[in-house]
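The structure appears below as structure tokens.
When reading the values below, keep in mind they use all heavy atoms of this one structure, side chains included, and skip hydrogens, waters and symmetry mates. Lettering of chains follows the sequences in order, A, B, ..., and the numbering in each one begins at 1.
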Amino acid sequence: MDVKKILSSQLNIDGVSQDEIYAMITETANSDLGDFSLPCFRFAKALKKSPVQIAEQLKESFGGCQIVKEVRAVNGYLNFFVDNTVLAYSVLAEARQENFGASEVGKGKTVCIDYSSINIAKPFHIGHLGTTAIGGSLYKLLKKQGYDVVGINHLGDWGTQFGKLIVAYDLWGDKEKIEQGGVEALQEIYVKFHREEETNPELTEQARRWFAKIEQGDERALQLFGWFKDITLKEVNKIYKRLNVTFDSYAGESFYNDKMQPVLDELESKGLVKVSDGAKIVDLEEYGMSPCLLVKADGATLYATRDLAAAYYRKNTYDFYKSLYVVAYQQNLHFKQVFKVLELLGNDWAKDCIHVAYGMVSLAEGSMSTRKGNVVWLSKVLDSAVEKAKQIIHDKNPALKDKDDVAEKIGVGAVIFSALQNARIKDITFSLDKVLNFEGETCPYLQYTYARTNSVLNKAGNAINARIAPDFDSLQSDESKQLVKLINKYPSVIADAAEKYEPSILSKYLIDLAQAYNKFYIGHRILDEELSRQIPRLYATDAVNKIIKDGLALLGIDVPEQM
RNA sequence: GUGCCUGUAGCUCAGCAGGAUAGAGCAACGGCCUUCUAAGCCGUGGGUCAGGGGUUCGAAUCCCUUCAGGCACGCCA
């Protein structure tokens with residue numbers, strides 16, 4: 001229930017719209033002062049009265065409603081005290097409904113999300129965790145908001161590195177070894193190629209020729225290329241499954257090979273193309289940007305050219321309302337350029353293309369480099385996290401059922417959560433120790449709280465459905481009030497997270513909710529109470545149970561029923 | 001050099017379409033399990049919100065500026 005809306009609808013101030021009043025009502029930091037507050041200072045000039053007078057007047061004219069217990073005018077603030085019995089009654093009823101938190105604001109609109117976008121034959125390392133986890137969560141958040149969502153894995157499946165890989169395979173590759181070793185085995189020969197290449201430029205030349213053969217459709221070249229692709233996808237799909245991430249399209253770079261020329265033609269016909277040092281560019285100087293490179297001096301297309309073709313393809317195919325690119329902030333300029341070129345081409349939908357940038361992942365030990373083979377494989381990080389979870393289960397709850405399943409959920413959840421708990425723009429120095437810390441503001445803490453609510457609900461049996469009038473007066477403590485308020489916020493938190501493309505808003509909220517519940521749990525016996533007082537507490541427990549499960553699912557994280 | 005991003009407790013971060021006394025977690029120290037899961041809860045200490053100026057009744061939040069760190073800036077993606 002939107003308390004601010006109820007309050008603002010009861011307030012009338014000359015020359016100020018209801019929406020403006022709504023926006024000005026804040027939650028009060030100090031609960032002694034009330035639950036919600038309207039500062040009246042800004043109205044002083046227009047009304048030619050002091051804020052103190054205005055607050056007094058508003059207090060007098062406030063019609064009153066069930067939810068408000070008391071209104072006070074204090075030092076120019078109009079403070080509202082909410083009646084928690086009434087609030088708890090309606091909030092807990094809402095929270096028990098099936099689709100609590102869902103919305104239909106996106107109904108009939110399609111959002112494309114380009115995320116994860118891995119490279120073929122390259123390791124899935126912790127650097128890919130950010131885009132995969134953020135994109136995967138946005139996918140679910142936007143669906144929850146009613147949008148049709150298209151998840152696109154823009155595969156990096158084009159470029160001279162595939163020529164290199166073929167050369168490396170012919171020289172040092174072993175079919176069986178690679179079938180078994182997968183991407184890691186491919187990486188080995190790739191890294192070797194780069195070492196050898198430094199002293200033997202002939203290799204570089206050979207690689208170039210092989211890549212040209214792929215382009216020309218040479219049978220053997222395509223066959224090997226397809227094989228590398230299969231190996232990679234097979235392996236990566238296992239990780240996606242663990243991360244609860246899905247895609248609707250794997251149209252990658254190679255897919256756009258035959259779709260760039262029409263875009264280039266259009267650019268030419270609109271007079272946007274310039275030739276500079278033999279390369280074709282779009283000059284963006286008047287917009288304060290360096291030029292967007294379209295075609296190299298040797299005639300080859302570039303990254304930006306493919307992104308332009310992809311943008312058109314997505315618009316034509318999906319008629320998107322928004323098209324998101326979950327890509328690290330290193331590429332800020334690139335996307336600014338591409339979007340500007342789309343705009344210069346006269347596409348009003350250019351404004352709907354949004355670069356959802358996120359921070360860098362670095363290692364405490366130094367930078368990652370695929371070529372040097374200095375990477376932290378995500379599958380290994382997931383495995384260590386699961387291993388750690390197993391150890392802790394062994395220490396704390398050796399009698400637990402389905403230990404392996406629970407450990408998987410806890411371990412993988414911890415890793416995903418580490419990528420989603422902070423604002424996405426923040427850089428991350430990856431530390432396994434930190435990911436493996438299971439105490440405090442962590443995913444295991446949320447899962448533990450969920451398991452705790454499960455335990456209470458199971459022990460309560462059918463009491464929650466007893467035909468006895470619940471006594472909501474039993475939720476008057478500060479802890480209860482705090483908890484009810486947070487439960488009430490869930491739908492707006494999802495809306496906010498979806499609107500800002502920021503899953504961390506949800507992560508932070510879930511931590512707050514779990515903290516509030518744990519305080520409530522410690523401070524209030526639930527099952528010892530008589531039924532009429534027990535039921536509201538079970539409602540609250542049930543709401544927390546559902547929200548944590550649903551909220552974590554929106555982050556791509558599973559919950560164990562017990563732990 | 002230019003543009004963008006970041007700077008809040010020892011560490012990691014919330015708070016930033018301005019509102020009342022700046023909040024969590026980790027780490028440290030001290031408490032709470034014969035009672036619903038102690039992966040929990042309570043308490044203690046810890047702050048020039050990077051520095052300076054400005055706007056405002058009011059600034060961590062907006063503007064200017066300086067400093068520090070990161071990223072990007074033509075033929076990689």
Atom-to-atom span, [atom1] of [X] to [atom2] of [N] - whole angstrom:
X        : N     : atom1 : atom2 : result
A/Asn518 : B/A38 : CG    : C1'   : 11 Å
A/Asn422 : B/G25 : CG    : C1'   : 11 Å
A/Lys519 : B/G40 : NZ    : P     : 13 Å
A/Asp427 : B/C13 : CG    : C1'   : 14 Å
A/Phe430 : B/G70 : CZ    : P     : 22 Å
A/Ile511 : B/G15 : CD1   : C1'   : 16 Å
A/Leu506 : B/A14 : CG    : C1'   : 15 Å
A/Glu286 : B/G3  : CD    : P     : 18 Å

Applying the Watson-Crick and G-U wobble criteria at under 3.5 Å, what pairs with [N]? Answer none if nothing qualifies.
N     : answer
B/G69 : B/C5
B/G10 : B/C26
B/U35 : none
B/G46 : none
B/G74 : none
B/C57 : B/G19

Which nucleotide in the set [options] lies at the smallest distance from any side-chain heavy atom of [X]?
X        : options             : value
A/Lys336 : B/G7, B/U37, B/G3   : B/G3
A/Asn437 : B/A38, B/U6, B/C26  : B/C26
A/Pro444 : B/U21, B/A39, B/U6  : B/A39
A/Leu527 : B/C26, B/C36, B/G40 : B/C36
A/Ala29  : B/A20, B/G25, B/A39 : B/A20
A/Ser455 : B/U35, B/U37, B/G19 : B/U37
A/Glu441 : B/U12, B/A39, B/G25 : B/G25
A/Arg452 : B/A38, B/A20, B/C36 : B/A38

For atom [atom1], what is the distance between [N] and [M], given to the nearest Å?
N     : M     : atom1 : answer
B/U37 : B/A22 : P     : 39 Å
B/C16 : B/U55 : P     : 25 Å
B/U61 : B/U8  : C1'   : 11 Å
B/G3  : B/A50 : P     : 22 Å
B/U21 : B/C49 : P     : 15 Å
B/U66 : B/C29 : P     : 45 Å
B/A38 : B/C32 : C1'   : 9 Å
B/U65 : B/C4  : P     : 11 Å

What's [X] touching, base or sugar-phosphate or nothing? Going by heavy atoms closer than 4.0 Å.
X        : value
A/Asn79  : base
A/His355 : nothing
A/Met289 : nothing
A/Ile393 : base
A/Ser37  : base
A/Gln447 : nothing

Which residue in the set A/Ile166, A/Thr160, A/Leu165 passes side-chain contact (heavy atoms from CB on, under 4.5 Å) when paired with A/Phe211?
A/Thr160

Apply the side-chain contact (heavy atoms from CB on, under 4.5 Å) test between A/His524 and each candidate in A/Glu479, A/Arg533, A/Glu529; give the one that qualifies.
A/Glu479

On RNA chain B, compare the nucleotides closest to A/Ile522 and A/Arg424; which residue's is nearer the 5' end?
A/Arg424

Tell me which of A/His524 and A/Ile392 sits closer to the 5' end of RNA chain B, going by the nucleotide each one is nearest to.
A/His524

Syn-anti status, with the boundary at 90° from 0, for the nucleotide B/G40
anti

Does B/C13 adopt a syn or an anti glycosidic conformation, taking syn as a chi angle within 90° of 0?
anti

May I ask you to establish whether [X] and [Y] are in a cation-pi arrangement, using a distance under 6.0 Å from NZ or CZ to the six-membered ring centre and at most 45° from the ring axis?
X        : Y        : value
A/Lys519 : A/Tyr517 : no
A/Lys388 : A/Phe438 : yes
A/Lys340 : A/Tyr287 : yes

For a salt bridge (charged side-chain N to carboxylate O under 4.0 Å, His left out) with A/Asp35, tell me which candidate from A/Arg72, A/Lys4, A/Lys485 qualifies.
A/Lys485

For residues A/Ser31 and A/Phe81, report the shortest heavy-atom separation together with the two atoms involved.
O-CE2, 4.2 Å

Could you tell me whether a side-chain N or O of A/Ser504 sits under 3.5 Å from a main-chain N or O of A/Ser507, the two making a donor and an acceptor?
no

Below 6.0 angstrom between ring centroids: does that apply to A/Tyr313 and A/Tyr256?
yes

Students often mix this up, so state it plainly: with edges at 30° and 60°, are the rings of A/Phe335 and A/Tyr325 parallel, tilted or perpendicular?
tilted

Evaluate the ring planes of A/His194 and A/Tyr190, with Trp represented by its six-membered ring, and classify them as parallel (under 30°), tilted (30 to 60°) or perpendicular (over 60°).
perpendicular

Using a 5.5 Å cut-off between ring centres and planes within 30 degrees, is A/Tyr77 stacked on the base of B/A20?
yes

In B/S/- notation (B base, S sugar-phosphate only, - none; protein heavy atoms under 4.0 Å), nucleotides 72-77 of chain B written 5' to 3' is SSBBSB

